[in-house]
Amino acid sequence: MRPIRLPEPPIGRRSAAEVFEAGIYGIIKRVVVIGNGFSGAENQCIGLVRALGLSGCHTLYRVTRPRGGINKWLHWLPVSLHKKLDYVMRQICIYSGVQVEAGWSKVVPFTIEKTGRALCWSSRLVGIQFLLRAPLNDLGDFTIQHPRSRLNRFDLVITPQHDYHPLTPHGQRQIPWFLRRWITPRRPPDGHVVLTVGALHLADSAALRSAASVWHDELAPLARPLLVVNIGGPTSSCQYGADLAKRLIAMLQNVLWSCGSVRISFSRRTPEKVSKILLKEFSSNPKVYIWDGEGPNPHMGHLAWADAFVITADSVSMLSEASTTGKPVYVIGAERCTWKFADFQKSLRDRGAVRPFTGKEDISESWSYPPLNDTAEAASQVMKALADRGWTIDT
């Protein structure tokens, strides 16, 4: 049996004791995570919390957007302005006798203990605030992803480098000159911006070792090599449909001879027409198992036990997680990505972390690369930023 490959714990990362050598002003006991209702975004914050040694010591608040009607066209607005517009539109509907659409949901008002401070005014309201043993007006605000707002509102910004694609020469050529002043970011990153390659996530070494144990009885007996296929869903910057599903089927059929087992998973964003095409083709194939969404999600087990991955290009999170393992990652649909997502795909290829899926691969032939370590590296930067302010983390 081929031995399981799991990423090693980060080497050279400084401990809290080493970082906070002097000037301790207070001790961090817990963390507030401000989410936007999207698991892919919120898991980045929770992954960072885990890497800081504060797993289980966080509280999650969500600030959700109005939905329904014309709100789907207003997602680019800052949440605070979106909320005000939603209120005005509702009042107009009430006074004019128009029934308010039932699908519209109120923005959840956000308050935090006694501070009364809004933590972000961002259209991508995802972040972390540390609660300290100190006056509550001395809080640390950290945001994940570029907030599309003034960066001086935050103590630290952790964002993928592809969020700065609008500043690259290629990005500038894609923006009409009269719109450039409205596209964020408009300035290069400064000293309190930490750039990552991909998304932060929960799939650290400890989590994968735990998942390997939890999923041992189901995944260990499978014939190897085990190919895991993760299918996301089309986005505005990476569009596809049934055509990509049919192309994926043909490629998988071509490499099945070199696979011991294949496990296919869909995400919540996968269009039904895509999943139905794959189910129809592979549901009776003894080599292929398709997770139907029922029962425990095998995603972490797949990351731990897979020998190789095929992933659709739309998902930054799934590609970032798989690239943490150091195992072969093949991407399908990258040529359909535009804007900053094309920049992300290029950065992974340049690092040797991914290769295009062509259907000509021999899955039994492995290759490797330096695994992405964004979450641990971001945690180190957070600890340093806190240390500069005289704070330590109570782990």
### Query
Can you name the side-chain hydrogen bond (donor to acceptor under 3.5 Å, both in side chains) partners of His192, sequence neighbours left out?
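By the side-chain hydrogen bond (donor to acceptor under 3.5 Å, both in side chains) rule, His192 matches Asp190.
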### Message
Going by the rule side-chain hydrogen bond (donor to acceptor under 3.5 Å, both in side chains), which residues pair with Asp350 if we only count those two or more places apart in sequence or in a different chain?
### Response
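Per chain and number, Asp350 pairs via side-chain hydrogen bond (donor to acceptor under 3.5 Å, both in side chains) with Lys346.
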With a 4.5 Å heavy-atom cut-off, do [X] and [Y] have their side chains touching?
X      : Y      : result
Leu226 : Arg263 : yes
Leu252 : Phe357 : yes
Leu244 : Val274 : no
Ser205 : Arg209 : yes
Gln381 : Glu377 : no
Phe282 : Ile264 : yes
Ile27  : Ile393 : no
Leu348 : Val331 : no

So, the side chain of [X] versus the backbone of [Y]: is there a donor-acceptor pair under 3.5 Å, distance only?
X      : Y      : value
Ser283 : Leu279 : yes
Tyr369 : Lys327 : yes
Ser55  : Arg50  : no
Thr270 : Ser275 : no
Gln172 : Pro166 : yes
Ser315 : Ile311 : no
Thr168 : Tyr164 : no
Asp314 : Gly233 : yes
Thr159 : Leu195 : no
Glu361 : Gly359 : yes

### Query
Is a side-chain donor-acceptor pair under 3.5 Å present for Gln239 with Ser236?
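Side chains of Ser236 and Gln239: no pair found under 3.5 Å.
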### Message
What I want to check is whether the side chains of Arg269 and Thr235 have a donor and an acceptor closer together than 3.5 Å.
### Response
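No - no donor-acceptor pair under 3.5 Å links their side chains.
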Heavy atoms only: give me the nearest [X]-[Y] pair and the separation to one decimal.
X      : Y      : answer
Ala220 : Trp305 : CB-CH2, 3.6 Å
Leu167 : Pro185 : CD2-O, 3.4 Å
Pro225 : Ser258 : CG-O, 3.3 Å
Ser261 : Leu222 : OG-CB, 3.6 Å
Thr375 : Ala51  : CG2-CB, 3.9 Å
Ile363 : Ala308 : CG2-CB, 4.1 Å

### Query
CZ of Arg186: more than 12 outside heavy atoms within 6.0 angstrom?
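More than 12 within 6.0 Å, yes.
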State plainly whether one hydrophobic cluster holds both [X] and [Y], where clusters connect Ile, Leu, Val, Met, Phe, Trp and Tyr through side-chain heavy atoms under 4.5 angstrom apart.
X      : Y      : value
Trp291 : Ile277 : no
Val229 : Tyr289 : no
Val214 : Leu303 : yes

### Message
Using the rule given for side-chain contact (heavy atoms from CB on, under 4.5 Å), can you reason through Met383 versus Thr392, listing the C-alpha separation, both sets of side-chain angles and the distance that settles it, and then say yes or no?
### Response
CA-CA 8 Å; Met383 293 171 69; Thr392 185; over 6 Å; no
Decide, yes or no, whether a salt bridge links [X] with [Y] under the criterion of side-chain N to carboxylate O below 4.0 Å.
X      : Y      : result
Lys276 : Glu281 : no
Asp307 : Arg224 : yes
Arg336 : Asp243 : yes

### Task
Evaluate the criterion side-chain contact (heavy atoms from CB on, under 4.5 Å) for residue pair Leu202 and Ile46; output intermediate values, then yes/no.
CA-CA 7 Å; Leu202 301 169; Ile46 297 171; 3.6 Å; yes
### Task
Check whether NZ of the Lys or CZ of the Arg Arg355 lies under 6.0 Å from the centre of the six-membered ring of Trp367 and within 45 degrees of that ring's axis.
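Yes, Arg355 and Trp367 form such a contact.
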#### Entry: Aromatic ring pairing His165/Trp339, orientation class (parallel under 30°, perpendicular over 60°, tilted between)
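Perpendicular.
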### Query
When the ring planes of His162 and Phe341 are compared, do they come out parallel, tilted or perpendicular, using 30° and 60° as the limits?
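Ring orientation, 0 to 90° scale: tilted.
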To the nearest 0.5 angstrom, please state how far the [atom1] atom of [X] sits from the [atom2] atom of [Y].
X      : Y      : atom1 : atom2 : value
Cys45  : His58  : SG    : NE2   : 9.5 Å
Gln161 : Thr196 : CD    : OG1   : 7.5 Å
His201 : Leu319 : NE2   : CG    : 11.0 Å
Asn285 : Leu256 : CG    : CG    : 5.5 Å
Asn373 : Ser323 : CG    : OG    : 12.5 Å
Ile231 : Phe266 : CD1   : CZ    : 5.0 Å

### Message
Test side-chain contact (heavy atoms from CB on, under 4.5 Å) on Val157 and Val194; report intermediate values, then the result.
### Response
CA-CA 6 Å; Val157 175; Val194 176; over 6 Å; no
### Task
Mind running side-chain contact (heavy atoms from CB on, under 4.5 Å) on Glu321 and Asn230 for me, showing each step along the way?
CA-CA 11 Å; Glu321 290 167 340; Asn230 290 331; over 6 Å; no
### Task
In sequence, state the C-alpha distance, the side-chain angles, and the governing distance for Glu335 and Arg247, and then conclude on salt bridge (charged side-chain N to carboxylate O under 4.0 Å, His left out).
CA-CA 13 Å; Glu335 71 284 352; Arg247 183 174 148 214; 2.8 Å; yes
### Query
Who pairs with Pro234 by side-chain contact (heavy atoms from CB on, under 4.5 Å), at least two apart in sequence or on another chain?
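Result, side-chain contact (heavy atoms from CB on, under 4.5 Å) vs Pro234: Tyr240, Pro271.
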### Message
Using ring centroids (six-membered ring only for Trp), state whether Trp215 and His302 fall under 6.0 Å.
### Response
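Centroid distance His302-Trp215: not below 6.0 Å, so no.
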